[in-house]
Student: 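To start, I am sharing the structure in question, which I have written as structure tokens.
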Amino acid sequence: MSNDSTATRIKVAIRLRPALKRDDKGKKHCVRGLDSTSLEIWNWRDTRQTIKYNFDVFLDAASRQQDVYEKCVKPLMGKTLSGQNASIFAYGPTGAGKTHTMLGTSERPGIIPRAVNDIFRMIDKQKRDPINADWTYSLSFSYLEIYQEKVYDLLEVKGQDLPIREDRDRTIFIPNLAERVISCLEDFHELFVPASKNRTTAATKLNSRSSRSHSILLLKVVRKQQLPPYKKQIGKVYLIDLAGSENNKRTGNQGIRLKESGAINTSLFVFGQVVDALNQGLGRIPYRDSKLTRLLQDSLGGSAHACMITNIAPEESNYMETYTALNFASKSRHIVNKPFTNETIEKPSVQHPSKRPSSSNDGQNGT
Ligand code: ADP
Ligand code: MG
């Protein structure tokens, strides 16, 4: 592993969804975009005032899926082909557009299909460049859900909570998680669409499973050199559709009671604490206190590039959830990630049968 000395900050974007017609009969909107990086929201303490926020990116209600991808995700994708990790997550209350942003529809595909397509395009481009003639590439994916602090495989439904492990190099992985190699976007759709139904068939009302679970798609790009020095680079991309942030009530006694009653989403609760701890530069970051933060350990304050897209809704009825989500997002702006390249040397035993092959690094770079 070679360390990259440049530290990058987590990128925080806000996406405002358009008002939904059925909810918008003559209602006022409480949020308004100002420019490409800022917005304002009513001040609930004094309705004559507004509160202004600045972010890395502000995407207004007219923004297209392509704009979201190009501003928030595309800049990170190239890094994964040289063995770096990237992580994109959609945060925000239920109904604000997280799944639309991540998954989208067949007419308006979201980040997930665009990212897969882009990786294939970049692999093709690299393969055509004579400078990469001695490299081979493979792309695979896994798909999981965290629901009530249990990890479920969505690709191979086992109905069983999968353990999360850490290897000697502090790489986090899930030993029994299914992983599928894909060679084109059609391959991906064929496997992913039925798997995503395992999550999205539930009704989209506030208490449904889909609003209380975190779905995590993992794309793994492996790049191997076929000639000395036989470098092997593994880049991982996590694409995460988080549980609705309305579950993230975490203030005072109410927060504690909610947690005890099981009404709070532990992973989202700890996610907030991890963000706070990183922002305050605390020595102990409570990654281990939830499944989500354990899995994202190298994507938050760790070794990956990251972008958090906070989805918000414009309607007055969503005011409090929008305000809370914006405050959470503005705290996350201070997290610093230190990217590094996951690179090892792996001599192929087939080409040199007389030589002892180096130890496999698959487990070490797993997940
Ligand atoms: P969440 O996953 O955060 O609960 P959804 O992605 O399901 O929210 O969005 C709620 C509704 O709003 C859906 O009907 C979705 O199609 C619609 N929607 C969300 N974002 C947009 C957008 N940018 N443009 C058009 N419709 C959107
Ligand atoms: Mg959703």
Side-chain angles (χ1 to χ4, degrees), residues 12-25 27 29-33 36 39 55 57-73 88-115 143-148 152 154 192-193 195-217 238-249 265 267-268 271 292 307-326 328-329:
V12 179
I14 304 290
R15 185 184 196 185
L16 176 64
R17 84 153 153 66
L20 299 175
K21 288 198 180 65
R22 60 183 156 87
D23 295 341
D24 200 41
K25 298 203 175 76
K27 282 189 189 152
H29 294 168
C30 59
V31 206
R32 193 163 67 104
S36 62
L39 67 138
F55 294 98
V57 178
F58 170 67
L59 296 144
D60 68 18
S63 59
R64 301 164 307 158
Q65 298 284 63
Q66 188 184 345
D67 303 327
V68 179
Y69 185 77
E70 279 174 9
K71 289 201 173 135
C72 302
V73 187
I88 313 292
F89 35 106
Y91 178 87
T94 297
K98 295 183 296 298
T99 305
H100 182 77
T101 295
M102 277 302 179
L103 204 54
T105 58
S106 46
E107 299 79 46
R108 287 185 286 171
I111 286 171
I112 287 173
R114 283 172 201 272
Y143 191 35
L144 64 136
E145 176 186 55
I146 297 175
Y147 181 60
Q148 292 180 343
Y152 297 104
L154 291 172
F192 180 76
V193 172
S196 65
K197 294 221 167 81
N198 292 332
R199 177 177 195 239
T200 54
T201 42
T204 50
K205 63 181 191 317
L206 218 60
N207 282 328
S208 78
R209 178 169 176 142
S210 78
S211 75
R212 300 204 294 158
S213 72
H214 312 277
S215 79
I216 302 173
L217 173 71
Y238 299 81
L239 299 172
I240 302 143
D241 187 347
L242 291 168
S245 58
E246 67 276 2
N247 293 315
N248 199 24
K249 305 258 182 329
N265 188 306
S267 272
L268 211 51
F271 181 69
L292 175 74
C307 179
M308 179 168 99
I309 303 170
T310 297
N311 290 95
I312 54 170
E315 296 88 6
E316 185 180 351
S317 52
N318 297 307
Y319 176 80
M320 247 359 214
E321 295 303 349
T322 302
Y323 176 71
T324 311
L326 285 173
F328 178 85

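Ligands are counted one by one from 1 in listed order, and the atoms in each one are counted from 1 as well.
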Student: Give the numbers and elements of all ligand 1 atoms closer than 4.0 Å to a heavy atom of R17.
Tutor: 12 (O), 19 (C), 20 (N)
Student: Go through the steps to decide whether N265 and F271 satisfy the test side chain to side chain contact (heavy atoms under 4.5 Å, CB included), and finish with yes or no.
Tutor: CA-CA 10 Å; N265 188 306; F271 181 69; over 6 Å; no
Student: Suppose I only count heavy atoms of P93 and a 4.0 Å limit; which atoms of ligand 1 are within that range?
Tutor: 3 (O)
Student: H214 pairs by side chain to side chain contact (heavy atoms under 4.5 Å, CB included) with which of L144, D241, L268?
Tutor: L268
Student: Return the number of protein N, O or S atoms with a distance to the Mg ion (ligand 2) smaller than 2.8 Å.
Tutor: 1
Student: What are the atoms of ligand 1, with element, lying closer than 4.0 Å to any heavy atom of P18?
Tutor: 21 (C), 22 (C), 23 (N), 24 (N), 25 (C)
Student: Under a 4.0 angstrom heavy-atom cut-off, which atoms of ligand 1 come close to G97?
Tutor: 1 (P), 3 (O), 5 (P), 6 (O), 8 (O), 9 (O), 19 (C), 20 (N)
Student: Is there a nitrogen or oxygen of G95 sitting under 3.5 Å from a nitrogen or oxygen of ligand 1?
Tutor: yes
Student: Dump the intermediate steps for side chain to side chain contact (heavy atoms under 4.5 Å, CB included) on R64 and R108, then the final yes or no.
Tutor: CA-CA 8 Å; R64 301 164 307 158; R108 287 185 286 171; over 6 Å; no
Student: Checking side chain to side chain contact (heavy atoms under 4.5 Å, CB included) between V31 and each of I312, I14, D60, which is the one that passes?
Tutor: I312
Student: What distance do K98 atom NZ and I309 atom CD1 have between them, rounded to the nearest 0.5 Å?
Tutor: 12.5 Å
Student: Heavy-atom contacts with K98 under 4.0 Å: which atoms of ligand 1 show up? List them by number with element.
Tutor: 1 (P), 2 (O), 3 (O), 4 (O), 6 (O), 8 (O)
Student: Below 4.0 Å from any atom of ligand 1, is there a heavy atom belonging to R15?
Tutor: yes
Student: Could you check which of L242, V68, T99 puts a non-hydrogen atom nearest to atom 7 (O) of ligand 1?
Tutor: T99
Student: I need the atoms of ligand 1 closer than 4.0 Å to a non-hydrogen atom of T94, numbered in the order shown.
Tutor: 4 (O)
Student: Measuring from the heavy atoms of S211, does anything fall under 4.0 Å of ligand 1?
Tutor: no
Student: Could you check V57, T101, V73 and say which one makes a side chain to side chain contact (heavy atoms under 4.5 Å, CB included) with V68?
Tutor: T101
Student: If the contact criterion is a heavy-atom separation under 4.0 Å, does N311 count as touching ligand 1?
Tutor: no
Student: Answer yes when R17 and E315 have at least one side-chain N-carboxylate O distance shorter than 4.0 Å, and no when they do not.
Tutor: yes
Student: So, taking the atom named CD in E70 and the one named CZ in R114, what distance separates them when rounded to the nearest 0.5 Å?
Tutor: 8.0 Å
Student: Here's a test for you: under side chain to side chain contact (heavy atoms under 4.5 Å, CB included), which of L242, T310, I216 qualifies with F89?
Tutor: L242
Student: For the CZ atom of R212 and the CD atom of E145, what is their distance to the nearest 0.5 Å?
Tutor: 11.5 Å
Student: To the nearest 0.5 Å, tell me how far N311 CG sits from T94 OG1.
Tutor: 11.0 Å
Student: Does any N or O of ligand 1 fall below 3.5 Å from an N or O anywhere on D241, backbone included?
Tutor: no
Student: Examine Y143 together with F192 and report whether their ring centres are nearer than 6.0 Å.
Tutor: yes
